[in-house]
2 protein chains.
Amino acid sequence: MATMQEVAIRAGVSIATVSFVVNGTKNVSPGTREKVTTAMADLGFRNNVVARALASRRTRILALLFPALEHRLGSTALQFVSSAAARASELGYHLVLWPAGTTADDLTELLSGGLADGVLVMEVKMTDPRIEKLVEMDVPFLSIGRTSDPSALPFVDMDFETTVENGLDYLQGLGHRRIGLVIEDLEGTSMDGYGPHIRVERSFRSGMMRRKLTPVVVACGPSARGGREAARMLLEQDPKLTAVMIMKDDSTFGLVSGLTSAGLSVPDDVSILAVASSNESGAATEPVLSTMNAPGHELGGLAVEALVARLDTGSTELPHVLLPCVLNVADSTVVARER
Amino acid sequence: MATMQEVAIRAGVSIATVSFVVNGTKNVSPGTREKVTTAMADLGFRNNVVARALASRRTRILALLFPALEHRLGSTALQFVSSAAARASELGYHLVLWPAGTTADDLTELLSGGLADGVLVMEVKMTDPRIEKLVEMDVPFLSIGRTSDPSALPFVDMDFETTVENGLDYLQGLGHRRIGLVIEDLEGTSMDGYGPHIRVERSFRSGMMRRKLTPVVVACGPSARGGREAARMLLEQDPKLTAVMIMKDDSTFGLVSGLTSAGLSVPDDVSILAVASSNESGAATEPVLSTMNAPGHELGGLAVEALVARLDTGSTELPHVLLPCVLNVADSTVVARER
DNA sequence: TTGTAGGCGTTATCAC
DNA sequence: GTGATAACGCCTACAA
């Protein structure tokens with residue numbers, strides 16, 4: 001790991017010149033450029049990220065905050081991360097994942113050195129201390145998901161309203177009129193107030209009302225057991241239910257098995273539509289689930305693009321990107337049949 | 001974000017003194033320490049990580065490389081990451097996840113600046129270019145998992161041999177003699193040659209032989225479909241199978257359903273033992289699976305400890321830590337019944 | 001116990 | 001087109 005100094009000496013030029021060719025900051029005559037590049041190659045020069053960061057106040061590093069570690073990184077989150085990393089790389093940035101707690105303390109510590117040029121925040125809650133901290137510290141950021149009042153903040157997010165609406169349209173088109181919704185039970189957890197569930201429930205209720213239908217909503221505990229319990233509660237509220245939308249991948253199997261245990265067949269008696277899911281998750285169940293796939297891939301790329309645009313161009317406009325899930329019909333949804 | 005300089009001025013001391021109290025590098029009289037700390041508090045001083053890194057050639061950052069992004073981060077990997085992050089934090093380090101590709105190129109770029117003091121490598125393959133690169137660059141690292149010849153390298157890993165042995169003991173103790181193994185089919189993928197599957201298969205075969213039993217091994221494709229297919233293949237090889245060990249969480253449900261479709265009941269006809277799994281994964285199936293839980297939590301902590309020990313004490317000894325999975329008996333394993 | 005001053009490896013502003 | 005040369009913010013002998 002040679003330094004610029006060493007390269008400069010070997011190339012017989014000044015250290016400044018080396019810097020110019022490394023960064024393309026200024027015009028350098030083909031001759032000296034040649035000398036410098038071969039010197040770099042000979043010495044195996046690698047620009048020192050830390051020194052560069054100190055001098056230029058930019059690292060070309062993007063930090064992706066995720067309170068990970070509390071629940072598993074689902075396949076949609078992974079899609080998001082991976083496409084974000086890819087896009088960042090294309091744009092000349094590096095993406096690192098920061099397993100920061102939900103609190104904002106140790107976050108401060110790292111950002112204060114300018115270790116990252118910008119920050120992506122995942123798993124945003126309706127009111128999120130991290131966001132507040134970022135605003136306070138004046139660090140360029142972009143959130144995936146929205147706080148309760150996101151109008152003044154840059155974000156990309158799933159368009160839950162449209163997603164639910166499309167889902168209801170689809171199910172209604174199949175003749176379903178008694179439709180239930182299963183969402184995750186996050187009361188009392190650190191994820192209480194988490195946006196998606198709230199937005200989905202709200203959209204579901206209003207969408208059903210608008211259709212003159214009665215919304216049946218159930219909160220679902222963890223894992224398969226939670227799903228089975230949800231099935232029981234759903235049937236308790238409406239024994240004649242013919243369709244269920246569920247936004248909780250790890251409980252979907254339990255839901256199916258709960259319905260089956262109750263003597264109902266999926267999809268013949270009850271259709272199931274998994275929301276904010278993926279083909280991969282859908283394939284894990286039998287029958288293969290019809291899903292509304294989370295646009296994790298697109299959002300990841302868009303998030304990075306928006307953030308980098310802000311960084312590179314200094315553009316100050318606030319990106320507000322909303323993408324709905326896209327319907328993928330498989331084997332768990334069929335035409336409604338009265339019971 | 002005040003600088004040390006500013007703090008020094010406000011406290012009426014030299015910048016060096018501030019540095020001493022910040023780092024505890026030297027003794028400082030209670031009086032001046034007091035002045036400095038209040039000055040820091042007043043100004044909201046935050047140590048600049050980048051500057052510190054440049055001057056001291058250490059960042060107190062640990063990079064965790066994972067080729068993530070190719071398959072989802074399972075719950076055991078997550079356990080690992082989260083406990084590693086926690087332990088790092090306790091030891092005064094920060095853990096960042098680096099979604100580096102399997103290749104070693106962009107890895108070089110970041111490490112060359114000394115951005116991370118040390119590196120943890122996950123998902124190590126039998127022969128791994130990243131490891132080679134790290135050795136070449138002389139970056140302190142520790143791998144989770146082993147290359148094919150790890151004797152000269154520091155690692156922590158699951159003890160697959162013991163795990164399989166214990167699993168076989170347990171099943172044999174229940175009277176099972178016709179036991180199958182399902183492992184992931186990684187041929188031709190970038191994970192081909194990946195250690196765990198190879199080690200597990202090897203241990204299984206030799207363990208069965210030693211018991212004078214006939215090993216039945218099946219490679220399993222992705223998702224539930226793969227599991228069903230695996231069930232078919234297993235029964236094809238031995239229709240009288242009474243137990244199956246499976247190391248592939250996302251296909252376990254498919255395995256169960258495949259066996260069920262074949263008219264076999266789990267666990268009455270066939271016991272199932274999920275290896276390198278977790279209670280969480282086990283609960284996602286019906287019946288709840290007996291599992292051999294991956295020691296992800298312990299390994300995460302140990303990995304960080306070992307790496308930090310090497311960093312802080314300059315200790316040069318090579319940690320070779322092996323931990324077996326621990327058996328958790330649930331509802332999918334019962335006494336063998338002849339068919 | 002505290003202060004002085006010379007780096008750490010780049011970037012960037014001026015001159016030339 | 002190139003080359004000095006201050007920063008960047010902190011660490012750390014070495015002095016005092």
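Worth knowing before you read on, the calculation uses all heavy atoms, side chains too, and leaves out hydrogens, waters and symmetry mates. Here is the naming used below: chain letters follow the sequence lines, and residue numbers restart at 1 for every chain.
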Checklist entry - For A:Val50, which contact category applies under a 4.0 Å heavy-atom criterion: base, sugar-phosphate, or nothing? => result nothing
Item to check | For atom CZ of B:Phe20 and atom C1' of C:dT4, their distance in whole Å | outcome: 10 Å
Checklist entry - Heavy atoms under 4.0 Å, any strand shown: does A:Val22 hit a base, just sugar-phosphate, or nothing? => result nothing
Item to check | Nucleotide D:dC8, atom C1' - distance to CG of B:Asn47 in whole Å | outcome: 14 Å
Checklist entry - Atom CZ of A:Arg52 and atom C1' of C:dA12: how far apart are they, to the nearest Å? => result 13 Å
Checklist outcome for this item: Comparing A:Lys26 with A:Ile15, nearest DNA chain D nucleotide closer to 5' gives the residue A:Lys26
Checklist entry - For the pair made of CG in B:Leu54 and P in D:dA7, what is the distance, rounded to whole Å? => result 17 Å
Checklist entry - The side chain of B:Ala16 lies closest to which of these nucleotides: C:dG3, D:dC10, D:dT2? => result C:dG3
Item to check | Between D:dG9 (P) and B:Arg58 (CZ): distance, integer Å | outcome: 22 Å
Checklist entry - Which atoms form the tightest heavy-atom contact between A:His320 and A:Pro154, and what is the distance? => result CD2-CA, 4.3 Å
Item to check | Integer-rounded Å distance: C:dG9 P and B:Arg57 CZ | outcome: 6 Å
Item to check | Donor-acceptor pair, side chain of A:Thr59 and main chain of A:Leu115, under 3.5 angstrom | outcome: yes
Checklist outcome for this item: For A:Met4 and A:Val18, the nearest pair of non-hydrogen atoms, with its separation, is CG-CG1, 4.0 Å
Checklist entry - Looking at A:Thr32, does any N or O in its side chain come under 4.0 Å of the phosphate oxygens OP1/OP2 on D:dT2? => result yes
Next on the checklist: Rounded to whole Å, please give me the gap between CD in A:Gln5 and C1' in C:dT11.
Outcome noted: 14 Å
Checklist entry - Looking across every strand, which nucleic acid part, if any, lies under 4.0 Å from B:Ser19 by heavy atom: base, sugar-phosphate, or nothing? => result base
Checklist entry - Below 4.0 angstrom from OP1 or OP2 of D:dG3, is there any side-chain N or O of A:Ser14? => result yes
Checklist entry - Is A:Ser29 near enough to D:dT2 that one of its side-chain N or O atoms lies under 4.0 angstrom from OP1 or OP2? => result yes
Next on the checklist: Please tell me if B:Asn48 has a side-chain N or O lying less than 4.0 Å from either OP1 or OP2 of D:dC8.
Outcome noted: no
Next on the checklist: Please report the distance, rounded to the nearest Å, between CG in B:Asn23 and P in D:dT12.
Outcome noted: 7 Å
Item to check | Along DNA chain D (nearest heavy atom to each residue), the more 5'-positioned of B:Met4 and A:Val28 | outcome: A:Val28
Next on the checklist: Heavy-atom nearest nucleotide on DNA chain C for B:Pro30 versus B:Ala51: which residue maps closer to 5'?
Outcome noted: B:Pro30
Next on the checklist: With heavy-atom distances below 4.5 Å as the criterion, would you say the side chains of B:Ile61 and B:Asp117 are in contact?
Outcome noted: no
Checklist entry - salt bridge (Lys or Arg N to Asp or Glu O under 4.0 Å) with B:Glu90: which residues, sequence neighbours excluded? => result B:Arg87
Next on the checklist: Please confirm whether the shortest side-chain N or O distance from B:Ser56 to OP1 or OP2 of C:dC8 is below 4.0 Å.
Outcome noted: no
